[in-house]
Asks: 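Questions regarding the structure given below will be posed in turn.
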Amino acid sequence: MLELILIALLFALLFWQRQLSHRLKTLEKEVKALKKSLAAPLSIAVPAVPEPVAQKPIETAKALPSSDIKTAAPQTMEPKPQKTPAPAISTPKPAAKPAPKPVSHKPGESFESRLGARWTVWVGGLALALGGVFLVRYSIESGLLGPGTRLVLAALFGLLLAGAGEGLRRRALPNLPAIYTNAMVPGMLTAAASVTLLATLYTAHASYGFIGTTPAFVLLALVSLSTITLSLLHGQALAGLGLIGSLITPALVTSDAPNIGALFGFLSLVWLASNGAARIRRWLLVPALANFGMLAWVVAYAVNANVLDSVPPGLSLLVMLTGTAFLWPGRAFEDTVEAAPAPAGALRRLFRLLGRRPRGIMMSVSLAVMFGALTLLLVDTPAFTHPVLIFVAVTGLLAGLGAGRRAGAWPALLASTAAIWGVGLTALFDLSDLSPTTAETQGMLAAIGPDVLGALVLGAIFTACGLLFLRRKGQSDPDMAAVWAVLASAVPVTLASITFLNYGTLGRDWLHGLYALAIGAALRFVAFHLAKTDEDPAAPNLARDLLLIGSFAAFTLSLHALTHGLATTIGVSLLGFAYVVLTRSRPWRGLPWMMVAATLVVFFRIGWDPTIVGPDRLGTTPLFNALLPGYGIPAILLIASAWLLRRWPGRRVLNALQGLAALMGFLTLAILVRHAMSGGVLDDRALTLGEQSIYTLLTVGLSGVLMTLDLKSPSTVFRDGSILAGVIATINVLVLHLGSLNPYFSGELIGNWPIVNLLLPGYLLPAFAYAGLSLYARNKRPGPYMVLLALTAALLGFAWATLSVRGVWQGTNIADWKGFLEGETYTYSVVWLAIGVGLLTLGSRRDARLLRLASAGLVLVSVLKVFLIDMANLEGILRALSFIGLGGVLIGIGLFYQRVLAQKTAVTTPADSKDMPDA
């Protein structure tokens, strides 16, 4: 009884909706009529405006025909009232401006319209579909009819709904407003009919076995495809329903021996049908739904298959890509013009490329193909055909779609992502053993391997796609040209690097070496071709510069594949220098940066293996070994590059090269010193004070060199670099020279000579270096930095004098465990006071206040030592001499300052007395 009441209510709702739609149709006709009446031009006579008095009435009369003189004459005299309207004047008038087109504002839909014209249709269609299901259920529960009769009645009910929908479409509701195209009653009736028929066929097959597997599959597919066909008449919602029904049809019909080829052939047919309907009606949502549906089937099959046959799903993905390229959207959006200028910033431009129409279809097909191809490649299942072949074909075609269409940013970027992920994960997890292919089946390519060959072919496809795009559309689409310049360079080099490091022969791999050489030559050729269209060679061209970077990366990979050791390091530097030499004939802004990139590669190689040629092949001869050319030639090439580019308009690259040249020179000297000091072996043995002293002197010298470069060509890099080098050297002095490497703490022997011993390079020479750098930095660097240098110099000098005194008294070993002698303690006071007096004298003569302050500090330290240490540790005559000497020095310093102050007062007093009045 409840079901009958529900059916009656549904028919009542249908009748009420029909009446409401009739009222809406009448209102819309009235609105259209009002719009036409408002848009029609008004036929209102506009009286002529009197001409200014300054115009000549006689000339106007002569210019007019005789029949119009009477009409034109009143324009120059006082107008008189007339009963009849004046005839039209035939004098030429300025062309009237075209009336602006009326702006059509889309009226907002009211709540009543949504409730009465939309929601009732949607709920009504759902209710009809449920009504058919409930009717079948009622007959089953009541046992009134047999299974066959029930199924026949359900099928008749579905056909009745379809017929009712078609009848309403043709007669009752023609020309429905566009705002209700997704809520049409005929479409909902047809959708309900489709659901009823699909449920009936599935029940007949799965529950009662009335229909076999093949007939059930054919009938379900026929209903789903018919639904898609009828969607051309009823809208996109019905197409989505038919598509979903088609996608779930294979899951509803099971078989003990499924035909994978037939399955994906049917799915491809469904995809083509839905995409064809989308092309006719220009839909954007249904194709995206079809793409993700295909992805779901590919993933489900690959995960659940015992032995993977990747050809059928791979062909389905290829059908998707081909249909997207040529069926829908095809070239439908190729003529779209950007509404606004390109925004500033690389990230914003990339987002704009990703937002080009039809972004939904392009994003969905790219994601579906990427994840589908990766699933087929990476699934842990044995395969009949090597998955790499399908992966290369599908990913390569996706890259081709990105290069062939204006909205190709999504396919291009996701294809490159799939390529790098696929090759990288395959190498990481070593999935090549999952395929049953053998060397006999591969023939000559057995030695290469399908993984390596597939990666190299895929990289070449990306290079070809990028270069073709740049030749065809490089000038008209510069943003996309920059994207393809990156992908054409980065993808093949990355893939070749992965396979070279995992499968290649280090030192002599002809396959990877020649491949990278060919890629670099192709990129360089296209870069030169793009430069031919530049009106100004020095003008920035992002795509050209990116291709040059890619060619350098490819040539660098080729060097690493074909050479090793010292030859590779020198070859990379020579390669960068070749790009610098090329600037003499082509002033492209990207060329000098290749030398910077080459130096970074050299630094990486040095960090990986400081010996360059290997510890076993490094000679023990100081200076003349592999380190000299390995470090020295790159340093010389950097200096030569900086000299060649001394007049280059871009200062940043010149500053970078100069700074790298200084750093490389410092590194060359440091590594040669390390090799010589460690007996011809580069290992992790502990530093000595002598070796560290050389490093400190080199760092101080580097600070001075950078300061000189900054004075000749001001640069933030040089300025900050010189200060940083001085600070690093000072930290080394405080931590190493005065700390862990101090012979007093380390126990290192200083030698027997009184002056020429370990303390000379360890303390005295760095003190002179810091003093000279402090004087050189005067008025060139901040005051605190100069004070830091001067204090470091004074500290090193004080340490040298103190440790020298200890060496005189203690001998070669001045370690702390030997204690102090009385004469040694007294000598410290004498030496410190003597140094203080000397600094005071020098500071007074040169009028250097800083030296006088250093003298005062040293004298203060001496006073504290005499009163705190000498008084407790000295006895007899030494204690007395210590205090007598201190007192004499202090009195002498006091007399000295009194004399200096008296002289300054005598100089200033006569000048002041001239201004005093006579008594």
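These values consider heavy atoms only, across backbone and side chains, with no hydrogens, waters or symmetry-generated copies. Only a predicted model underlies this, so the values are computations on that prediction, with no experimental measurement involved.
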Asks: Going from OG1 on T249 to CD1 on I244, what distance comes out if it is rounded to the nearest 0.5 angstrom?
Replies: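 If I round to the nearest 0.5 Å, the distance is 11.5 Å.
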Asks: What side-chain donor-acceptor pairs closer than 3.5 Å can you find for residues 310-326, not counting sequence neighbours?
Replies:
| residue | atom | partner | partner atom | Å |
| --- | --- | --- | --- | --- |
| S316 | OG | F264 | O | 3.3 |
| S316 | OG | S268 | OG | 3.1 |
| S316 | OG | P312 | O | 3.2 |
| T322 | OG1 | L318 | O | 2.8 |
| T324 | OG1 | M320 | O | 2.7 |

Asks: Please list every donor-acceptor pair under 3.5 Å in which a side-chain atom of residues 216-232 meets a protein atom from a residue at least two apart or in another chain.
Replies:
| residue | atom | partner | partner atom | Å |
| --- | --- | --- | --- | --- |
| S224 | OG | L220 | O | 3.0 |
| S224 | OG | S246 | N | 3.3 |
| S226 | OG | L222 | O | 2.6 |
| T227 | OG1 | S194 | OG | 2.9 |
| T227 | OG1 | V223 | O | 2.7 |
| T229 | OG1 | L225 | O | 2.9 |
| S231 | OG | I228 | O | 2.3 |

Asks: What distance separates L425 CG from L374 CG, expressed to the nearest 0.5 Å?
Replies: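 That separation rounds to 7.5 Å.
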Asks: Report, one line per pair, each donor and acceptor closer than 3.5 Å where one atom sits in a side chain of residues 291-303; sequence neighbours left out.
Replies:
| residue | atom | partner | partner atom | Å |
| --- | --- | --- | --- | --- |
| N291 | OD1 | W271 | NE1 | 2.8 |
| N291 | ND2 | P287 | O | 3.1 |
| N291 | ND2 | S364 | OG | 2.9 |
| W297 | NE1 | L247 | O | 2.8 |
| Y301 | OH | D309 | N | 2.9 |
| Y301 | OH | D309 | O | 3.4 |

Asks: Once you round to the nearest 0.5 Å, how far does CG of L413 lie from CG of L350?
Replies: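 The CG atom of L413 sits 6.0 Å away from the CG atom of L350.
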Asks: May I ask you to decide if W283's main-chain N or O and W328's side chain share a donor-acceptor pair within less than 3.5 Å?
Replies: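 Side chain of W328 to backbone of W283: a pair is present.
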Asks: Say you draw a straight line from CD1 of I461 to CG of L456; how long is it, rounded to the nearest 0.5 Å?
Replies: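 CG of L456 is found 11.5 Å from CD1 of I461.
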Asks: If you measure from CD1 on I260 to CG on L308, what distance do you get to the nearest 0.5 Å?
Replies: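 Rounded to the nearest 0.5 Å, the CD1-CG separation comes out at 9.5 Å.
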Asks: Restricting to side chain to side chain contact (heavy atoms under 4.5 Å, CB included), what partner residues turn up for L160, sequence neighbours left out?
Replies: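 Not a single residue meets the side chain to side chain contact (heavy atoms under 4.5 Å, CB included) criterion with L160.
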Asks: Quick check: closest heavy atoms across A412 and W484, and the distance to 0.1 Å?
Replies: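 For A412 versus W484, the nearest heavy atoms are CB-CZ2, 3.6 Å.
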Asks: Any chance you could measure I248, atom CD1, to L243, atom CG, to the nearest 0.5 Å?
Replies: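 I248 CD1 to L243 CG: 10.5 Å, rounded to 0.5 Å.
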Asks: Tell me, which pairs form a side chain to side chain donor-acceptor pair (under 3.5 Å) where one or both residues lie in residues 392-404, sequence neighbours left out?
Replies: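 Of all non-adjacent pairs touching residues 392-404, none passes side chain to side chain donor-acceptor pair (under 3.5 Å).
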Asks: With heavy-atom distances below 4.5 Å as the criterion, would you say the side chains of H386 and D451 are in contact?
Replies: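 In short, these two side chains touch, coming nearer than 4.5 Å.
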Asks: Apply the test side chain to side chain contact (heavy atoms under 4.5 Å, CB included) to residues R406 and R356: give CA-CA distance (whole Å), side-chain angles for both, the deciding distance (0.1 Å), then the verdict.
Replies: CA-CA 8 Å; R406 178 180 172 275; R356 287 181 175 179; 3.6 Å; yes
Asks: Looking at every non-hydrogen atom in both residues, tell me the closest pair between L252 and H205 and how far apart they are.
Replies: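 Taking L252 first and H205 second, the nearest heavy atoms are O-CD2, 4.3 Å.
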Asks: Search all heavy atoms of A427 against all heavy atoms of I498 and return the closest pair with its distance.
Replies: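 The answer is CB-CG2, 4.0 Å.
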Asks: For E334 and G404, which heavy atoms make the closest approach, and how far apart are they?
Replies: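 So the minimum-distance heavy-atom pair works out to OE1-O, 4.3 Å.
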Asks: Got a sec, which residues hit side chain to side chain contact (heavy atoms under 4.5 Å, CB included) with R359, two or more places apart in sequence or on another chain?
Replies: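 Testing R359 for side chain to side chain contact (heavy atoms under 4.5 Å, CB included), a comparison that skips the adjacent residues, returns R357, W410.
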Asks: Just checking R279: does its CZ atom have more than 12 heavy atoms from other residues, nucleotides or ligands closer to it than 6.0 angstrom?
Replies: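 12 or below, so no.
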Asks: Applying side chain to side chain contact (heavy atoms under 4.5 Å, CB included), can you list everything that pairs with S416, at least two apart in sequence or on another chain?
Replies: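 Here the qualifying residues are F462, L487, V491.
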Asks: Could you check whether any side-chain heavy atom of T190 comes within less than 4.5 Å of a side-chain heavy atom of L161, counting everything from C-beta outward?
Replies: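 No, too far: nothing below the 4.5 Å cut-off.
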Asks: If you look at every heavy atom in A488 and T463, which pair is closest and at what distance?
Replies: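 For A488 versus T463, the nearest heavy atoms are O-OG1, 3.2 Å.
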Asks: Report yes if some heavy atom in the side chain of F391 is under 4.5 Å from a heavy atom in the side chain of L458; otherwise report no.
Replies: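 Yes, side chains in contact.
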Asks: Partners of F210 by ring pair (Phe, Tyr, Trp, His ring centres under 6.0 Å), sequence neighbours excluded?
Replies: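 Testing F210 for ring pair (Phe, Tyr, Trp, His ring centres under 6.0 Å), a comparison that skips the adjacent residues, returns Y208.
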Asks: For G422 versus L378, what's the shortest heavy-atom pair and its separation?
Replies: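 Between these two residues, the closest heavy atoms are O-CD2, 4.3 Å.
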Asks: Do L197 and L159 make a side-chain contact, defined as non-hydrogen atoms from C-beta onward lying under 4.5 Å apart?
Replies: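 The answer is yes, as the side chains (C-beta and beyond) meet within the 4.5 Å cut-off.
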Asks: Hey, are the side chains of R405 and R331 touching, using non-hydrogen atoms and a 4.5 Å cut-off?
Replies: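 Counting from C-beta outward, R405 and R331 do come under 4.5 Å.
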Asks: Within a strict 4.5 Å, meaning less than it, do heavy atoms of the L397 and V369 side chains meet?
Replies: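 No. Closest side-chain heavy atoms not under 4.5 Å.
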